[in-house]
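Inspection log for the structure reproduced underneath, given as structure tokens.
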Amino acid sequence: MTATVASHRKPRQHPLAPLTGGTRTARTAATLALAGAATATVFDGTGQAASPPTPAQVKGRINALYQEAEVATQNYNGAKEAAGTARQELSRLQDEAARRTQRLNAARTELGELAASQYRSGGVDPTVRLLLSADPQRYLDGAAVLERAGSHQATAVAGYARRLGSVRQVRQRAEETAERLAATEATLKKHRVTVVHKLDAAEQLLSRLTAEQRQRMAGRDGAGTVRADRGARGDGPLDGITGGSGASAAAAPNPRAARAVSFAYAALGKPYVWGATGPSAYDCSGLTQAAWKSGGVALPRTTYTQISSGPRIDRSQLAPGDLVFFYSGISHVGLYIGGGKMIHAPHPGAPVRIAPIDQMPFAAATRPA
């Protein structure tokens with residue numbers, strides 16, 4: 001009789017024996033999974049054998065977090081602008097609904113006086129009595145009833161019908177706007193949380209560096225002293241010209257652009273604060289918006305919308321005052337000042353400064369009109 005080996009009692013493979021195809025695949029997958037887990041712990045501090053990240057690696061991760069935070073900041077700015085617009089629209093609709101309700105009440109009073117007059121003269125017309133009931137819409141929906149009313153009465157009833165309909169329309173629009181505002185404010189909160197989370201993570205990574213390493217990182221980011229940055233423009237106002245002792249002179253294309261550049265120079269050294277539009281602090285698009293506002297041009301709030309504020313300019317044709325955008329997602333903007341440089345608000349801890357446009361991945365340029 002042939003013995004049958006139960007599946008749970010199969011011979012155990014010797015650990016040094018050659019692997020079969022299936023066993024080899026499974027063990028290889030497990031090995032790769034463990035290696036991936038070990039790699040993932042580099043920035044978490046949970047790895048046992050992994051080497052601590054180098055300052056260059058930390059700097060790369062910090063820059064990535066700042067860029068991610070800037071994307072969230074632009075989304076926040078857009079949601080904030082949309083919320084402000086919706087809030088203004090809601091207030092306008094509420095005021096309009098109140099005015100129309102007053103006119104509706106006046107029309108109802110007129111119908112009440114008409115009913116009282118009819119009562120004194122022998123009774124209230126059934127149509128007016130129905131109109132003044134708890135559900136006047138039943139009357140308003142019956143157009144044939146109007147034919148049984150007198151001329152004056154028909155005019156009063158028709159006016160009441162129009163006003164009732166307009167009040168309902170305005171109130172409906174107000175309700176829809178209130179719902180849109182609530183949704184936008186929820187989105188605003190989400191983007192705010194994202195920004196704070198990214199910046200906190202960057203701050204934690206920065207704390208791992210020594211003061212000397214942080215100083216070197218700031219230097220590689222193109223941060224000069226505020227005095228040196230101001231010295232690059234010369235002593236006097238631009239008067240249509242940018243540059244000076246530290247930059248090649250270049251004419252702004254128009255007086256508005258010259259004023260925008262002059263404003264940006266005056267903002268050198270002011271802190272970066274996400275969501276800020278001045279005058280004491282700015283984020284990147286807040287600075288460019290304020291600069292061009294000083295030149296009499298109203299730019300939209302975000303990088304995503306500012307890029308469409310004028311014709312696109314080829315990089316070889318850049319002139320002072322042009323907006324220069326960076327990264328594939330158009331998440332950062334600066335104000336070109338000539339000589340291959342811009343003034344921009346970089347990120348928290350880095351004040352408004354002059355920097356080369358080659359410092360970040362160039363995406364596009366626009367000349368506001």
Side-chain angles (χ1 to χ4, degrees), residues 70 73-74 77 81 222 224 226 229-273 275-326 330-346 350-357 359-360 362-369:
E70 194 146 49
T73 296
Q74 294 305 314
N77 291 339
E81 187 175 48
V226 173
D229 282 346
R230 291 188 184 278
R233 74 168 279 187
D235 296 326
L238 291 177
D239 294 331
I241 301 293
T242 64
S245 60
S248 60
N254 54 65
R256 296 189 303 276
R259 287 193 292 270
V261 173
S262 183
F263 181 97
Y265 270 107
L268 287 172
K270 292 189 176 181
Y272 176 103
V273 174
T277 57
S280 58
Y282 299 93
D283 64 17
C284 69
S285 56
L287 174 64
T288 51
Q289 184 187 50
W292 270 96
K293 182 179 180 180
S294 73
V297 177
L299 294 184
R301 178 63 182 92
T302 69
T303 55
Y304 312 131
T305 48
Q306 287 184 6
I307 196 171
S308 300
S309 61
R312 296 292 179 88
I313 301 299
D314 187 82
R315 183 168 177 166
S316 63
Q317 301 299 316
L318 285 173
D322 290 347
L323 302 179
V324 282
F325 299 88
F326 302 90
I330 315 298
S331 58
H332 190 76
V333 63
L335 193 77
Y336 190 70
I337 58 172
K341 295 182 179 181
M342 64 177 172
I343 293 176
H344 72 141
V352 176
R353 61 176 55 155
I354 294 174
I357 62 172
Q359 189 181 84
M360 292 174 286
F362 182 86
T366 295
R367 183 166 297 162

Using 30° and 60° as the class limits, which term best fits the ring planes of Phe326 and Phe362: parallel, tilted or perpendicular? perpendicular
Search all heavy atoms of Ala276 against all heavy atoms of Ala281 and return the closest pair with its distance. CB-O, 3.4 Å
By side chain to side chain contact (heavy atoms under 4.5 Å, CB included), Gln306 pairs with (sequence neighbours left out) Ser285, Thr288, Gln289, Leu299, Pro300, Leu323, Phe325, Val333
Applied to residues 316-325, the salt bridge (charged side-chain N to carboxylate O under 4.0 Å, His left out) test, sequence neighbours excluded, yields Asp322-Arg367
When rounded to the nearest 0.5 Å, the distance separating CD1 of Ile357 from NZ of Lys341 is 11.5 Å
Closest heavy-atom contact between Val261 and Ile337? CG1-CG2, 3.9 Å
In terms of heavy-atom contacts, Pro351 and Gly269 come closest through CB-O, 3.5 Å
With a 4.5 Å heavy-atom cut-off, do Leu287 and Tyr272 have their side chains touching? no
Could you work out, with side chain to side chain contact (heavy atoms under 4.5 Å, CB included) as the rule, every residue matching Ala291, not counting sequence neighbours? Ala260, Phe263, Leu335
Give, for atom CZ of Arg353 and atom CD1 of Ile343, the distance between the pair rounded to the nearest 0.5 Å. 12.5 Å
How close do Glu70 and Cys284 get, counting heavy atoms only, and between which atoms? OE2-SG, 3.2 Å
Salt bridge (Lys or Arg N to Asp or Glu O under 4.0 Å) against Arg256, all qualifying residues, sequence neighbours excluded: none
Identify the two heavy atoms, one from Ala345 and one from Val352, that lie closest to each other, and give their separation to 0.1 Å. CB-CG2, 4.1 Å
I'd like to know if the side chain of Thr303 and the backbone of Ile330 have a donor-acceptor N/O pair within less than 3.5 Å. yes
NE2/His332 to CD/Gln359 distance, rounded to the nearest 0.5 angstrom? 8.0 Å
If the condition is side chain to side chain donor-acceptor pair (under 3.5 Å), which residues does Ser309 pass it with, not counting sequence neighbours? none
If a pair satisfies salt bridge (charged side-chain N to carboxylate O under 4.0 Å, His left out) and one of its residues is in residues 310-321, list it, with sequence neighbours excluded. Arg315-Asp358
Nearest 0.5 Å, what's the CD-OH distance between Gln74 and Tyr304? 6.0 Å
Grab the two heavy atoms, one from Tyr282 and one from Ala267, that are nearest each other, plus how far apart they are. CE1-CB, 4.2 Å
